[in-house]
Amino acid sequence: MSTQSQCQRFRIGYALAPKKGQSLIQPSLLTKASERGIDLIPIDPIKPLVEQGPFDCIVHKLYGPDWTRQLQQFSSQNPNVPIIDSPDSIERLHNRISMLEVVTQLKLHFDNEKFGVPNQVVVSEMKSLTSIEDLKLTFPVIAKPLVADGSVKSHQMYLIFDSQGLESMTAPFVLQEFVNHGGFIFKVYVAGMNVKCVKRKSLPDISEEKLKSLKGFLPFSRISNLIDNDKKVHDDGKKNSQGDEVDLESVEMPSQSFLCELARGMREALGLNLFNFDVMRDARDSNRYLIIDVNYFPGYAKMPGYESIMTDFFLQVLHKSAVGVTE
Ligand SMILES: Nc1ncnc2c1ncn2[C@@H]1O[C@H](COP(=O)(O)OP(=O)(O)OP(=O)(O)O)[C@@H](O)[C@H]1O
Ligand SMILES: O=P(O)(O)O[C@H]1[C@H](O)[C@@H](O)[C@H](OP(=O)(O)O)[C@@H](OP(=O)(O)O)[C@H]1O
Ligand SMILES: [Mg+2]
Ligand SMILES: [Mg+2]
């Protein structure tokens, strides 16, 4: 390394909601990044962005026309500064149909694993809803808000057991088949070329027998983010709220090469660098993986060793190896 490059420091501007900034920008990340020549600089979205530089890269999770205009203006004045990620590409993740469409379009083949998404349909209005059979679904199903914009409402889900439960819903929503998956999911964090998978608690399986005694619907929200979930990752053999054993320690991870290839395909197809996706392993076929959710700029600080992973990613971007970043 030349003397000049040893001295070179990079400035990465970050524009995040206060809560998000506090969770991501921990002293440990600032230290790790600084050791490798990166200064992380907060951006004030209220002030003109073009007056806050210079930046070598911008990372953001803010929305709205004013912010998009700020980014466009900054880009036109600084065409070589990467903006992670493009608002248009992020937009695709704000709709639960378009976020998964990309998965169904991936042309990837694996020797052992199969992947896909659960069957789902959009219900736009209740009056056009006839029966579950007409929708080519069977109970139980999950009603999810069509919009996934980070609001509390967008995380409000309903597990529906019968037609009475279904009739109680308010359109529009996405109706997705409930797939038994052993009560756990995998969250696959992607930061450019870096891919890290963690296990999380999920809804318990519903047997045909159990379904007979379940009536109506059950609301739930942020199930994989419940407070005791982190404990589950570390503790063995605890019971979940339904009384079923969920021993996350003994759950076998999908192969890293499968996840890396899937993540690469999704990253390129989405044109995004910072996201995670939730994956279920089908209880009927352990080689079948279903992607159920894709989230922009998730809670990376929950990921063990996130400081090194994020710093590696920043360096990749600065060296122009990220999607949407041109040479
Ligand atoms: N088709 C399905 N079959 C079985 N369980 C599911 C299915 N879809 C979702 N779940 C369960 O519901 C949880 C919430 O669903 P989903 O991930 O779509 O919502 P979200 O609010 O966008 O989540 P996040 O907090 O990750 O953004 C999942 O983590 C999983 O535990
Ligand atoms: O608030 P919105 O825009 O919906 O985004 C959330 C995602 O939906 C969640 O997936 C993130 O949690 P995970 O990192 O556990 O997936 C969650 O992480 P956070 O709660 O740590 O910020 C958010 O990124
Ligand atoms: Mg999810
Ligand atoms: Mg989500």
Side-chain angles (χ1 to χ4, degrees), residues 16-26 59-63 90-91 93-97 99-100 103 116-121 137-161 173-191 196-206 211 218-227 229-230 232-233 240-242 244 246 248 272 274-284 288-304 306 309-310:
L16 300 170
K19 220 175 117 237
K20 191 83 188 166
Q22 279 156 25
S23 81
L24 183 81
I25 312 296
Q26 303 280 338
V59 294
H60 73 109
K61 186 181 183 178
L62 294 178
Y63 309 117
I90 298 171
E91 191 59 39
L93 299 188
H94 289 169
N95 174 299
R96 292 190 189 273
I97 297 293
M99 74 159 69
L100 296 186
V103 177
V117 303
N119 294 325
Q120 57 175 12
V121 289
L137 294 170
T138 51
F139 290 117
V141 287
I142 299 184
K144 302 184 176 190
L146 181 57
V147 172
D149 60 0
S151 60
V152 172
K153 216 173 121 198
S154 73
H155 291 290
Q156 183 60 59
M157 318 256 146
Y158 298 89
L159 185 51
I160 305 172
F161 308 115
F173 54 87
V174 173
L175 212 53
Q176 191 177 81
E177 79 175 301
F178 177 90
V179 178
N180 283 334
H181 56 283
F184 59 85
I185 59 159
F186 302 105
K187 266 195 186 270
V188 184
Y189 287 85
V190 181
K196 177 126 188 147
C197 179
V198 301
K199 304 170 203 173
R200 291 280 181 85
K201 188 178 79 168
S202 180
L203 297 171
D205 290 350
I206 304 174
L211 183 61
L218 183 75
F220 69 96
S221 180
R222 317 220 65 168
I223 196 90
S224 66
N225 253 316
L226 295 178
I227 306 295
N229 198 55
D230 289 341
K232 276 284 147 21
V233 176
N240 67 11
S241 56
Q242 311 294 309
D244 303 302
V246 180
L248 284 180
L272 291 172
L274 294 177
F275 62 95
N276 73 4
F277 57 97
D278 297 346
V279 186
M280 303 186 296
R281 179 185 279 144
D282 191 333
R284 292 162 303 188
R288 181 163 182 255
Y289 293 92
L290 295 155
I291 289 109
I292 48 169
D293 186 26
V294 190
N295 302 299
Y296 187 62
F297 210 143
Y300 285 105
K302 294 173 201 158
M303 186 172 67
Y306 93 102
I309 294 172
M310 295 312 285

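Order of listing sets the numbers, starting from 1, for every ligand and every atom in it. Keep in mind that what you see is a predicted model, and the values were worked out from it rather than measured.
Of all the listed residues (K201, R200, H155), H155 holds the heavy atom that lies closest to atom 21 (O) of ligand 1. If you check each of N295, D293, V279, V117 against atom 22 (O) of ligand 1, the one with the closest non-hydrogen atom is D293. The closest heavy-atom contact to atom 10 (N) of ligand 1, among the options I142, V152, N276, comes from I142.
Counting only heavy atoms of the protein, atom 28 (C) of ligand 1 lies nearest to I292 CD1, 3.7 Å. Scanning the protein heavy atoms around atom 3 (O) of ligand 2, the nearest turns out to be K61 NZ, 2.9 Å. For atom 14 (O) of ligand 2, the closest non-hydrogen atom on the protein side is Y189 OH, 2.8 Å. Of all protein heavy atoms, the one lying nearest to atom 16 (O) of ligand 2 is K187 NZ, 2.7 Å. Looking only at protein heavy atoms, the nearest one to atom 31 (O) of ligand 1 is S202 OG, 2.4 Å. For atom 5 (N) of ligand 1, the closest non-hydrogen atom on the protein side is H181 CE1, 3.3 Å. Among all non-hydrogen protein atoms, the one lying nearest atom 8 (O) of ligand 2 is N295 OD1, 3.1 Å. When only non-hydrogen protein atoms are considered, atom 19 (O) of ligand 1 lies nearest to M157 CE, 3.2 Å. When hydrogens are left out, the protein atom nearest atom 13 (P) of ligand 2 is K302 NZ, 3.3 Å; that is the closest non-hydrogen contact. Among protein heavy atoms, the minimum distance from atom 22 (O) of ligand 2 is reached at K20 NZ, 3.0 Å. The protein heavy-atom contact nearest to atom 6 (C) of ligand 2 is R222 NH2, 3.6 Å. The protein heavy-atom contact nearest to atom 4 (O) of ligand 2 is H155 NE2, 2.8 Å.
Near M280, meaning under 4.0 Å from any of its heavy atoms, are these atoms of ligand 1: 1 (N), 2 (C), 3 (N), 4 (C), 5 (N). Close contacts between ligand 1 and K187 involve ligand atoms 26 (O) [criterion: under 4.0 Å to a heavy atom]. Atom numbering of ligand 2 starts at 1 in the shown order; those under 4.0 Å from a heavy atom of R200 are 15 (O). Against a heavy-atom cut-off of under 4.0 Å, I223 is close to the following atoms of ligand 1: 12 (O), 13 (C), 31 (O). Interface atoms of ligand 1 facing Q176, defined by a heavy-atom separation under 4.0 Å, are 1 (N), 2 (C), 7 (C), 8 (N). Close approach to R222 involves these atoms of ligand 1, each under 4.0 Å from a residue heavy atom: 25 (O). The distance from ligand 1 to the heavy atoms of I185 drops below 4.0 Å at these ligand atoms: 29 (O). Against a heavy-atom cut-off of under 4.0 Å, K144 is close to the following atoms of ligand 1: 8 (N), 9 (C), 15 (O), 16 (P), 18 (O). Residue-ligand proximity, G150 to ligand 2, at heavy-atom distances under 4.0 Å covers atoms 1 (O), 2 (P), 3 (O), 4 (O). The contact set between ligand 1 and F220, taken as ligand atoms under 4.0 Å from a residue heavy atom, comprises 12 (O).
Contacts with ligand 2 closer than 4.0 Å are made by no heavy atom of D293, backbone or side chain. For N225, every heavy-atom contact with ligand 2 shorter than 4.0 Å involves the side chain, none the backbone.
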Given L248 and V246, is the side-chain contact (heavy atoms from CB on, under 4.5 Å) satisfied, shown in steps?
CA-CA 6 Å; L248 284 180; V246 180; 4.0 Å; yes
F161 and L159: CA distance, side-chain angles, deciding distance, side-chain contact (heavy atoms from CB on, under 4.5 Å) verdict:
CA-CA 7 Å; F161 308 115; L159 185 51; 3.7 Å; yes
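Annotation: protein N, O or S atoms under 2.8 Å of the Mg ion (ligand 3) (waters excluded) comprise D278 OD2, D293 OD2.
The CD1 atom of I206 sits 4.0 Å away from the CZ atom of F178 when rounded to the nearest 0.5 Å.
At least one heavy atom of F297 sits under 4.0 Å from some atom of ligand 2. Heavy-atom separations between K19 and ligand 2 are all 4.0 Å or longer.
Annotation: D149 places no N or O atom under 3.5 Å from an N or O atom of ligand 2; distance criterion only. Between V179 and ligand 1, a contact under 3.5 Å exists for at least one N or O pair.
The aromatic rings of H60 and Y296 are tilted relative to each other, their planes meeting at an angle between 30° and 60°.
Looking at K187, its side chain never comes within 3.5 Å of a backbone N or O of S224 through a donor-acceptor pair. Checked by atom type and distance alone, the side chain of Q156 pairs as donor or acceptor with a backbone atom of F220 at under 3.5 Å.
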